[in-house]
> 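I'd like to ask some things about the structure below.
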There are 2 protein chains.
Amino acid sequence: MSALSIGDLARRTGVPVETIRYYERMGLLPKPPRTEGNYRAYEATHERRLAFVKRSRDLGFGLDAIRALLDLANGADRPCGEVDALARDQLAEVERKIADLTAMRAELQDMLGHCRNDTVADCEIIGRLRGK
Amino acid sequence: MSALSIGDLARRTGVPVETIRYYERMGLLPKPPRTEGNYRAYEATHERRLAFVKRSRDLGFGLDAIRALLDLANGADRPCGEVDALARDQLAEVERKIADLTAMRAELQDMLGHCRNDTVADCEIIGRLRGK
DNA sequence: GCTTGACCCTGTAGCGGCTACAGGGTGCAG
DNA sequence: CTGCACCCTGTAGCCGCTACAGGGTCAAGC
Ligand SMILES: [Zn+2]
Ligand SMILES: [Zn+2]
Ligand SMILES: [Zn+2]
Ligand SMILES: [Zn+2]
């Protein structure tokens with residue numbers, strides 16, 4: 001009844017058309033049926049699956065982890081330990097990145113704070129990049 | 001006198017050999033003279049330049065920005081406004097990434113906090129990825 | 001002087017996660 | 001029936017490396 005074109009799906013989910021095709025190639029989305037004219041024809045199930053992928057991407061999960069999450073999500077009766085482990089790994093990764101970026105921010109702010117807007121020869125930023 | 005092999009330079013700067021060659025190809029490092037056996041022969045100037053590149057990379061500057069910083073660093077008498085602008089852009093970029101990651105961290109922590117370690121069907125993590 | 005093994009060389013391909021074409025086909029409105 | 005938006009496949013590019021493959025160089029130890 002309510003078949004969606006790839007463009008419709010893109011508009012509804014906020015995922016670009018090219019990215020949807022990419023996810024299909026990568027095995028994250030099933031190959032949808034086609035119309036007579038060879039257009040992809042999506043249903044609500046596809047939209048739900050793509051939304052799941054998008055929310056996972058927005059949390060920074062990699063495509064491998066998302067494939068695993070999608071598989072795990074299908075075993076309703078199974079315990080969710082593996083899901084939680086993936087989420088904890090992702091949290092650890094995010095925290096590592098935040099730590100790295102926070103150190104970069106501190107150094108950049110300090111450099112900028114010490115710069116007297118003088119010549120390059122006296123610039124604290126260049127000085128520190130040169131190693132004092 | 002004190003010519004360094006690429007491996008020596010790698011050990012002294014902490015930049016892998018392959019990456020040094022990559023930086024040379026990308027125009028960040030000048031092509032060094034060669035020995036009779038066609039080995040790269042580096043001097044202290046090369047080491048200083050590579051250290052500059054490494055410190056810049058550690059702050060997250062992209063290779064284009066580093067090329068610009070290296071050029072600017074050579075104009076000792078010129079004002080450092082362009083340098084500062086590059087540093088401010090980089091700080092803004094880092095802050096943007098921190099903001100994104102902080103949002104991811106909050107959501108991941110909240111998901112994990114609500115998960116009762118039950119079945120997948122009841123798992124808060126899967127539930128939220130599905131969109132409630 | 002000959003072998004071993006660490007190092008070096010070039011060139012190319014792969015990673016992740018897209019993004020951007022090129023070169024065509026489809027479908028609907030005016 | 002013509003224009004235009006959309007769709008199709010396939011391939012190449014982005015960033016900053018990283019990892020080969022297939023060779024050459026060089027010094028130490030026997
Ligand atoms: Zn300070
Ligand atoms: Zn300055
Ligand atoms: Zn909550
Ligand atoms: Zn759970």
Side-chain angles (χ1 to χ4, degrees), chain A residues 3-29 31-42 46 50 52-70 86 89-90 93-94 96-97 100-101 104, chain B residues 3-29 31-42 46 50 52-70 86 89-90 93-94 96-97 100-101 104:
Chain A
L4 300 169
S5 75
I6 196 169
D8 294 336
L9 194 58
R11 270 182 296 278
R12 280 157 160 271
T13 59
V15 177
V17 166
E18 303 279 3
T19 303
I20 297 173
R21 286 196 282 248
Y22 173 72
Y23 288 162
E24 181 182 324
R25 279 204 304 285
M26 294 299 105
L28 287 174
L29 304 179
K31 305 203 174 194
R34 302 292 184 118
T35 65
E36 276 194 28
N38 198 32
Y39 285 18
R40 287 170 179 82
Y42 294 103
H46 297 100
L50 180 55
F52 186 106
V53 171
K54 182 173 192 335
R55 272 186 290 266
S56 304
R57 284 297 296 133
D58 288 349
L59 292 173
F61 285 99
L63 301 194
D64 284 354
I66 297 175
R67 250 185 300 266
L69 287 168
L70 284 164
L86 286 167
D89 287 355
Q90 178 55 23
E93 182 66 13
V94 166
R96 206 190 48 69
K97 285 182 181 164
D100 287 355
L101 288 163
M104 291 181 199
Chain B
L4 299 170
S5 74
I6 196 169
D8 294 336
L9 194 58
R11 270 182 296 277
R12 280 157 159 272
T13 59
V15 177
V17 166
E18 303 279 4
T19 303
I20 297 173
R21 286 197 281 248
Y22 172 72
Y23 288 162
E24 182 184 324
R25 279 203 304 284
M26 295 298 104
L28 288 174
L29 305 177
K31 304 204 175 194
R34 301 291 184 121
T35 65
E36 276 194 27
N38 198 34
Y39 284 20
R40 288 171 181 80
Y42 295 102
H46 297 100
L50 180 54
F52 186 107
V53 171
K54 183 175 191 336
R55 273 186 289 266
S56 303
R57 283 298 295 135
D58 288 348
L59 291 173
F61 285 100
L63 301 193
D64 284 354
I66 297 175
R67 250 185 302 263
L69 287 169
L70 285 163
L86 286 167
D89 287 354
Q90 178 55 22
E93 181 67 11
V94 166
R96 207 190 48 70
K97 284 181 182 165
D100 288 355
L101 288 162
M104 290 181 201

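A note on names: the letters A, B, ... follow the listed sequences, proteins ahead of strands, and every chain is numbered from 1.
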> What is the distance from OH of B/Y22 to P of C/dA13, rounded to the nearest Å?
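After rounding, the gap between these two atoms is 17 Å.
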
> Any residue in residues 52-65 of chain A with a heavy atom nearer than 4.0 angstrom to DNA chain D? Just list them by number, or reply none.
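Residues of residues 52-65 of chain A that come under 4.0 Å of DNA chain D do not exist, since none gets that close.
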
> Output yes when B/D100 and B/K97 qualify as a salt bridge under the 4.0 Å nitrogen-oxygen rule, no when they do not.
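No, this pair does not count.
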
> What pair of heavy atoms forms the shortest contact from B/A10 to B/P16, and how long is it?
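Where B/A10 meets B/P16 most closely, the heavy atoms are CB-C, 4.3 Å.
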
> Taking 4.0 Å as the cut-off, does a side-chain nitrogen or oxygen of A/Y39 come that near to OP1 or OP2 on C/dG25?
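No, A/Y39 has no side-chain N/O under 4.0 Å of OP1/OP2 on C/dG25.
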
> For the CZ atom of A/R55 and the CZ atom of A/F61, what is their distance to the nearest 0.5 Å?
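If we round to the nearest 0.5 Å, A/R55:CZ and A/F61:CZ are 13.0 Å apart.
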
> Which of these, A/K31, A/H46, A/R40, sits in a side chain to side chain donor-acceptor pair (under 3.5 Å) with A/E24?
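Single pass found, and it is A/R40.
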
> Using a strict heavy-atom distance below 4.0 Å, which residues from residues 4-14 of chain B are in contact with DNA chain D?
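Nucleic-acid contacts, sorted: none.
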
> Measure CE/A/M26 against P/C/dC18 and give the value in whole Å, please.
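Interatomic distance, CE of A/M26 to P of C/dC18: 11 Å.
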
> With heavy atoms of chain A within less than 4.0 Å as the criterion, where does contact along DNA chain D begin and end?
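Boundary nucleotides touching chain A, in 5' to 3' order, are D/dC6 to D/dT9.
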
> I need the CZ-P distance between B/R21 and C/dC7, as an integer number of Å.
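One finds 13 Å between P of C/dC7 and CZ of B/R21, rounded.
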
> Spell out, as yes or no, whether a donor-acceptor pair under 3.5 Å connects the side chain of A/D8 to the backbone of A/S5.
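At least one qualifying donor-acceptor pair exists.
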
> Just how far is it from atom OH of A/Y23 to atom CG of A/L29, taken to the nearest 0.5 Å?
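One gets 8.5 Å once the value is rounded to the nearest 0.5 Å.
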
> Without decimals, in angstroms, what is the distance between A/E93 CD and C/dG16 P?
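Going from CD in A/E93 over to P in C/dG16 covers 14 Å.
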
> Which heavy atom of A/V17 sits nearest to which heavy atom of A/G7, and what is that distance?
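Shortest heavy-atom contact: CG2-CA, 4.0 Å.
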
> Select from B/Y23 and A/R40 the residue whose nearest nucleotide in DNA chain D is closer to the 5' end of that strand.
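In this pair, the answer is A/R40.
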
> Does atom CZ of B/R12 have more than 12 heavy-atom neighbours from other groups under 6.0 Å away?
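Not buried by this count: 12 neighbours or fewer within 6.0 Å.
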
